Number of protein chains: 2
Amino acid sequence: MKNYELVLHRVEADLAAGRLRIGGRLPGERALAEQLGISRPSVREAVRVLEAMGVVRTATGSGPEAGAVIVAEPVSPLTAVLRLHLATNHLPMGDVVQTRLLLESWSAREAAARELGAGELKVAEELLDRMDDAGLSPEEFHVLDAEFHVALSGLAGNVLIAAVMTSLRSAIHGYVLAAVPNLPDWEATAVGLRSEHRAILAAVRGGEPERAAELVTAHIRGFYQAAQLAPFGGGEGGTAEAEDDDRADDKVQ
Amino acid sequence: MKNYELVLHRVEADLAAGRLRIGGRLPGERALAEQLGISRPSVREAVRVLEAMGVVRTATGSGPEAGAVIVAEPVSPLTAVLRLHLATNHLPMGDVVQTRLLLESWSAREAAARELGAGELKVAEELLDRMDDAGLSPEEFHVLDAEFHVALSGLAGNVLIAAVMTSLRSAIHGYVLAAVPNLPDWEATAVGLRSEHRAILAAVRGGEPERAAELVTAHIRGFYQAAQLAPFGGGEGGTAEAEDDDRADDKVQ
DNA sequence: CCTACCCTGTGGTCCGACCACAGAGGTAGG
DNA sequence: CCTACCTCTGTGGTCGGACCACAGGGTAGG
């Protein structure tokens with residue numbers, strides 16, 4: 001086993017056992033090296049990996065913010081993995097888009113089925129208000145658009161899916177933006193997107209899960225079609241046609 | 001910008017531009033250090049991160065397999081991120097299970113809707129045959145079970161979802177195994193699981209998307225219920241039936 | 001009491017060295 | 001001539017030590 005892996009295992013075990021908690025700090029690099037009987041460079045390699053995994057945040061200086069602080073930031077590592085593997089061309093963008101469609105339609109259905117406090121919807125609402133500004137550039141609009149979609153996926157209450165969705169959006173961002181020139185009429189498109197957003201939010205607020213999911217699916221698919229992007233099949237992110245989705249509820253524990 | 005990030009950006013840019021390809025090799029650490037005007041330890045930190053991201057594989061010695069070889073292994077980084085963040089207790093296991101249910105039911109629907117070659121189904125079929133061995137321990141059975149589910153999700157043809165599914169299974173593995181003693185009758189459970197697997201595969205082969213999805217959902221939910229694990233709601237991985245999942249994620253800090 | 005300074009501990013970076021490893025190519029033996 | 005061995009070279013793996021920049025806190029001075 002390589003020496004830096006000693007540190008990784010040590011940290012993971014300490015986290016699982018509760019000896020390390022969010023907000024806490026790792027021992028200093030020199031101390032850690034001595035404790036494990038390895039050198040500081042080896043420790044540093046491990047800390048870098050942990051940092052890349054979104055588990056620690058390092059800073060110089062002194063005080064509570066300095067050193068290697070334990071955090072829980074799953075979005076950045078997911079985004080990094082996605083970007084790197086997209087760069088290798090072994091991860092088709094179409095698959096990413098398809099996944100996004102699946103997660104987002106699920107999130108909308110889920111969010112609509114939940115009891116949401118007014119405060120939860122407020123964030124999304126404000127984003128839509130800001131998107132009503134007609135002076136926004138396509139880029140500015142798209143940034144808000146992305147935030148809205150991410151906020152929406154957060155309403156489903158699944159932190160893992162929300163994190164994945166966020167990183168998917170980041171990965172797709174540039175891809176979508178580059179396709180804006182393909183749109184025959186940006187202004188007309190923006191008008192359509194705005195009203196679709198409002199309708200989605202209304203369905204979520206009104207507790208209409210299936211309608212919310214359908215609207216989201218149509219919303220995303222519509223845009224990709226208009227921008228002549230990544231063809232993908234029917235259904236919710238799928239190529240399946242049937243969509244009755246009569247779930248076997250009632251069997252809940 | 002930290003020095004090791006120079007290497008990360010350089011590698012990502014080279015990948016995106018096609019200057020680096022899968023199977024190719026990174027320049028030696030010493031050469032890379034000199035090219036970028038930084039030290040070898042800094043380069044090594046970056047290489048470690050790339051390794052953790054599943055983009056390179058390092059080996060000592062000489063020959064084509066030695067050095068830092070470019071690969072595309074998205075499963076291991078995803079698994080690592082998942083495990084570490086589960087260890088922090090800021091990622092509820094219930095969310096992971098819910099996500100698994102969503103991805104797997106989608107995959108089954110998708111796979112059933114696709115035109116599958118006989119060879120694609122063969123792998124899954126052989127796994128089921130091996131699971132028929134009555135002498136298998138719960139652990140051995142579960143390993144094959146996991147392989148079957150992963151193989152199934154691969155049939156949908158989305159590499160991203162397949163990768164995520166694989167890492168989810170890894171993360172869940174120990175969790176599920178620890179719950180086997182909760183089962184009232186392991187042998188009876190195994191018999192049920194076997195027939196459910198056959199039914200799922202038949203639905204996929206027969207091109208019945210909705211049936212395949214329903215069977216998978218029922219299959220997974222049934223097991224979790226029997227093992228008294230992670231309550232999660234109705235629908236395909238959803239809580240659509242609105243039972244507020246109060247996950248025990250608010251422990252630490 | 002307030003202010004400015006220095007002291008201390010943190011990560012960030014670098015150098016130079018040595019090790020283990022595995023293939024390549026030369027070399028001695030058949 | 002062919003084969004087996006063996007050294008040679010380049011790879012990553014590891015180490016110790018050194019110096020830097022930074023930020024906070026204690027302290028000496030006003």
Side-chain angles (χ1 to χ4, degrees), chain A residues 1-11 14-15 19-71 73 76-77 80, chain B residues 1-11 14-15 19-71 73 76-77 80:
Chain A
M1 168 168 324
K2 288 162 188 167
N3 279 353
Y4 83 99
E5 293 178 324
L6 290 175
V7 184
L8 295 183
H9 290 142
R10 155 76 173 270
V11 170
D14 284 355
L15 281 174
R19 291 187 292 271
L20 283 178
R21 303 186 313 277
I22 308 271
R25 289 175 38 180
L26 241 51
E29 295 176 354
R30 295 164 179 86
L32 215 39
E34 192 176 0
Q35 288 176 27
L36 295 171
I38 61 180
S39 70
R40 199 182 151 208
S42 294
V43 172
R44 285 184 58 76
E45 290 177 12
V47 173
R48 281 281 183 261
V49 171
L50 291 171
E51 196 174 18
M53 293 293 195
V55 172
V56 308
R57 163 176 51 79
T58 63
T60 62
S62 65
E65 291 304 302
V69 182
I70 312 289
V71 297
E73 176 52 69
S76 43
Chain B
M1 163 147 357
K2 289 162 187 167
N3 279 353
Y4 84 101
E5 293 178 325
L6 290 175
V7 184
L8 295 183
H9 290 142
R10 155 78 173 269
V11 170
D14 284 355
L15 281 173
R19 289 185 293 270
L20 284 178
R21 300 164 184 277
I22 309 264
R25 289 174 40 179
L26 243 52
E29 295 177 353
R30 296 163 178 85
L32 215 39
E34 193 176 0
Q35 288 177 25
L36 295 171
I38 61 181
S39 70
R40 197 180 152 208
S42 295
V43 172
R44 285 183 59 76
E45 291 176 12
V47 173
R48 280 281 183 259
V49 171
L50 291 172
E51 197 175 16
M53 293 294 195
V55 172
V56 308
R57 165 175 51 80
T58 64
T60 63
S62 65
E65 291 304 302
V69 182
I70 312 289
V71 297
E73 177 50 70
S76 44

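All figures in this text were calculated on a predicted structure; none of them were measured in a lab. Heavy-atom basis, side chains included; hydrogens, waters and symmetry copies ignored. Order of the sequence lines fixes the chain letters, A, B, ..., with proteins taken first and strands second; residue numbering starts at 1 for each chain.
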Taking CZ from B/R44 and C1' from C/dT13, how many angstroms apart are they, rounded to a whole number? 15 Å

Expressed as a whole number of angstroms, how long is the span from B/N3:CG to D/dC19:P? 20 Å

Measuring from the side chain of B/T60 (C-beta onward, heavy atoms only), which nucleotide among D/dG13, D/dC15, C/dT10 has the closest atom? D/dG13

The correct set of residues in residues 27-41 of chain B placing a heavy atom under 4.0 Å from DNA chain D is B/G28, B/E29, B/R30, B/R40

For atom CD of A/E45 and atom P of C/dT13, their distance in whole Å: 14 Å

Starting from C1' on C/dT13, measure out to NZ on B/K2 and report it in whole angstrom. 12 Å

When rounded to whole Å, the CD to P distance for the pair B/E65 and C/dG23 reads 9 Å

Integer-rounded Å distance: C/dG12 P and A/L26 CG: 12 Å

Is A/S42 near enough to D/dG13 that one of its side-chain N or O atoms lies under 4.0 angstrom from OP1 or OP2? no

Out of C/dG11, D/dG10, D/dG12, which nucleotide sits closest to the side chain of B/S62? D/dG10

So what does A/R57 hit on the nucleic acid, given a heavy-atom distance under 4.0 Å: a base, only sugar-phosphate, or nothing? nothing

Per side chain to side chain contact (heavy atoms under 4.5 Å, CB included), B/V49 is matched among B/M53, B/E45, B/E51 by B/M53

Scan A/G61 against the nucleic acid and name what it touches under 4.0 Å (heavy atoms): base, sugar-phosphate only, or nothing. base

